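See structure below.
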Number of protein chains: 2
Amino acid sequence: MWNKKTKYALKALSYIGRYFGSERKVLAKEIAEQHQISIKFLEAILLELRNAGILGSRKGKGGGYYLLRPPAEVPLSKVIRITDGPISMLTCTSLFFYEPCADCDSEPICKIRETSLAIRDSTLAILDQKTLEDIIPVRETA
Amino acid sequence: MWNKKTKYALKALSYIGRYFGSERKVLAKEIAEQHQISIKFLEAILLELRNAGILGSRKGKGGGYYLLRPPAEVPLSKVIRITDGPISMLTCTSLFFYEPCADCDSEPICKIRETSLAIRDSTLAILDQKTLEDIIPVRETA
DNA sequence: GCAAATCCTATTTAATAAGTAGGATATATA
DNA sequence: TATATATCCTACTTATTAAATAGGATTTGC
């Protein structure tokens with residue numbers, strides 16, 4: 001299950017992403033109120049997304065957060081790795097967080113690992129292909 | 001990521017499954033020593049698997065645990081739901097542990113839910129199809 | 001009756017997630 | 001240059017869950 005940090009991050013990015021292309025910068029406070037998220041917790045999350053190169057920000061009056069790249073160029077896999085850690089079910093099948101299992105005798109032979117690999121592949125096929133654009137609500141064409 | 005309970009359960013079931021068809025009953029102690037698992041923790045896990053209808057058991061001298069059905073008839077999805085809970089990334093897309101999201105406006109419209117659904121479907125396609133037989137090491141044909 | 005095994009409940013400890021606090025730093029504008 | 005506004009950063013606290021432990025009750029075979 002995704003943790004709250006991840007759900008908040010996805011909601012926040014979906015919100016911020018709507019304004020990509022405009023000059024609008026989005027305030028942490030604004031998002032927190034919209035989605036009933038603790039402002040301080042959200043600040044920490046946005047900061048992490050910024051430090052990871054997903055968001056840009058500007059301090060002071062008129063400041064706020066904005067997407068650095070078009071929503072369609074930000075895969076969900078990237079976001080989720082930042083906020084939720086490994087996508088894989090076992091560290092020994094993780095691409096970005098690889099660690100051998102504590103008591104593994106042989107990775108090539110481990111049959112549980114095989115299943116974990118299959119799940120990782122199919123999950124990643126989705127999360128690499130889906131982007132922020134896919135989680136931004138479609139605008140009404142008035 | 002799967003928790004330790006799940007990894008222990010899969011290892012234990014893989015071990016016990018090898019003896020399906022024979023009269024052999026497997027001791028908790030035996031598995032714990034083989035896999036360096038805390039005996040008491042493992043006992044609790046085996047008990048849960050028993051209460052969920054996956055394992056049978058017999059108390060007292062000559063007792064132990066055994067599979068109730070052939071390994072090929074026990075899907076991994078069933079085991080994992082017992083030890084790890086929901087397979088889905090969001091409760092609102094869970095088949096067995098469904099709960100609406102705390103602050104969800106509309107499930108049919110939620111785009112994050114869509115992604116979670118796709119992941120659940122592809123993961124479940126694997127975990128429903130894979131069984132204990134798939135995680136039992138192949139025996140050498142001497 | 002005794003030894004061997006599961007069964008059951010409760011408790012403790014460790015790890016992680018979630019949230020809070022307080023202020024430092026940068027920026028726009030009057 | 002003063003002020004208001006916003007992000008940035010570190011540390012801390014609290015809540016929740018995972019993992020492990022303890023102690024004995026119950027069942028069974030011999």
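Numbers restart at 1 for each chain; the letters A, B, ... are given by sequence-line order, proteins then strands. On a predicted model such as this, the values are computed, not experimentally measured, just so you know.
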Taking [atom1] from [X] and [atom2] from [N], how many angstroms apart are they, rounded to a whole number?
X: B:W2; N: D:dA18; atom1: CH2; atom2: C1'; answer: 18 Å
X: B:N3; N: C:dT16; atom1: CG; atom2: C1'; answer: 13 Å
X: B:K59; N: D:dT28; atom1: NZ; atom2: C1'; answer: 9 Å
X: A:L49; N: D:dT7; atom1: CG; atom2: P; answer: 13 Å
X: A:L55; N: D:dA6; atom1: CG; atom2: P; answer: 17 Å

Practice prompt. Enter the distance from A:R69:CZ to A:F20:CZ here, rounded to the nearest 0.5 Å.
Written response: 8.5 Å

Practice prompt. Any chance you could measure B:T123, atom OG1, to B:I80, atom CD1, to the nearest 0.5 Å?
Written response: 10.0 Å

Using a cut-off of less than 4.0 Å, is there contact between a side-chain N or O of [X] and OP1 or OP2 of [N]?
X: B:R58; N: D:dG29; value: yes
X: B:S57; N: C:dC7; value: yes
X: A:Y66; N: D:dA6; value: no

Item to complete: Any side chain to side chain donor-acceptor pair (under 3.5 Å) involving residues 36-48 of chain B? Give me the pairs, sequence neighbours left out, ordered by first then second residue.
Response: B:K5-B:E48

Worksheet item: What heavy-atom pair brings A:L27 and A:G64 nearest, and what distance separates the two atoms?
Response: CD2-CA, 4.2 Å

Item to complete: Decide whether A:S94 and A:S88 meet the rule of one side-chain donor and one side-chain acceptor closer than 3.5 Å.
Response: no

Item to complete: List in numerical order all residues of residues 4-14 of chain A for which some heavy atom is under 4.0 Å away from an atom belonging to DNA chain D.
Response: none

Worksheet item: Going by heavy atoms closer than 4.0 Å, what residues in residues 23-48 of chain B are next to DNA chain D?
Response: B:S38, B:K40, B:F41

Discussion item. When you group the ILVMFWY residues by side-chain heavy-atom contacts below 4.5 Å and let the links chain together, are B:L68 and B:I136 in the same group?
Written reply: no

Worksheet entry | Earlier contact from the 5' end, DNA chain D, for A:K61 and A:G56 | A:K61

Practice prompt. Ignoring hydrogens and angles, tell me if any N or O in the side chain of B:R50 forms a donor-acceptor pair with the backbone of B:S57 under 3.5 Å.
Written response: no

Practice prompt. Output yes when a side-chain donor or acceptor of A:R81 lies under 3.5 Å from a complementary backbone atom of A:F96, and no otherwise.
Written response: no

Discussion item. Taking CD in B:E30 as the centre, count heavy atoms belonging to other residues, nucleotides or ligands within less than 6.0 Å. Is the count above 12?
Written reply: yes

